[in-house]
Amino acid sequence: MTDFDPRGIAITPVTVGDLPAFLAAIEPIAAEVASGDILGALMRHADAVIAATAIGARVERAWLEQQTPDVLVELAGRVLEANADFFVQRVMPALTAASERIAKIASGGTPGWPGSSAPGSAIGT
């Protein structure tokens, strides 16, 4: 075990700027993570776990690569916790609502965002 305590690193949900790299990094491990098989994800896709953890913890990957495995496991777990909670409670409901609005528009329902009065109301005329 290392003398470094990774619990001192503040972990917050990823930002929009982090999304492309973070989503690319977690794509190969998404199934294992969703099933709770973090060890399997690490064993089969260590590079993806390291990349996602560095992005999510906002630490340099080179720094993370110099740490012992317990630091990676601690940070990876905290990154997953912070982002799973964030995605489940905030992002998924927003995506679901947007999808429902788009489906309603596509099926000939009321156009526009809530509160808009006409299809062109978002654009000044």
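One-based numbering along the sequence shown. Bear in mind the structure is a predicted one, so any value in this text is a computation, not a measurement.
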Between the OG1 atom in Thr53 and the CG atom in Leu80, the distance rounded to the nearest 0.5 Å is 6.5 Å

So CD of Glu27 and NE2 of His45: to nearest 0.5 Å the spacing works out to 9.0 Å

For [X] against [Y], the heavy-atom pair lying closest together:
{"X": "Ala51", "Y": "Ala25", "answer": "CB-CB, 3.9 Å"}
{"X": "Leu75", "Y": "Trp63", "answer": "CD1-CZ3, 4.1 Å"}
{"X": "Ile11", "Y": "Val79", "answer": "CG2-CA, 3.8 Å"}

Please answer: with hydrophobic residues joined when any side-chain heavy atoms are less than 4.5 Å apart, are Leu64 and Met43 in the same cluster?
no

I'd like to know whether Leu42 forms a side-chain contact (heavy atoms from CB on, under 4.5 Å) with Leu72, so could you lay out the CA-CA distance, the side-chain angles of the two residues, the decisive distance to 0.1 Å, and finally the verdict. CA-CA 10 Å; Leu42 183 57; Leu72 173 63; 3.8 Å; yes

Look at the side chain of [X] and the backbone N and O of [Y], then say whether any donor-acceptor pair between them is shorter than 3.5 Å.
{"X": "Arg58", "Y": "Ile9", "result": "no"}
{"X": "Asp18", "Y": "Thr15", "result": "yes"}
{"X": "Asn83", "Y": "Gly56", "result": "no"}

Ion pair check, Glu65 and Arg61, cut-off under 4.0 Å = yes

_Does any part of the side chain of Asp37, heavy atoms only, come nearer than 4.5 Å to the side chain of Arg44, both counted from C-beta?_
yes

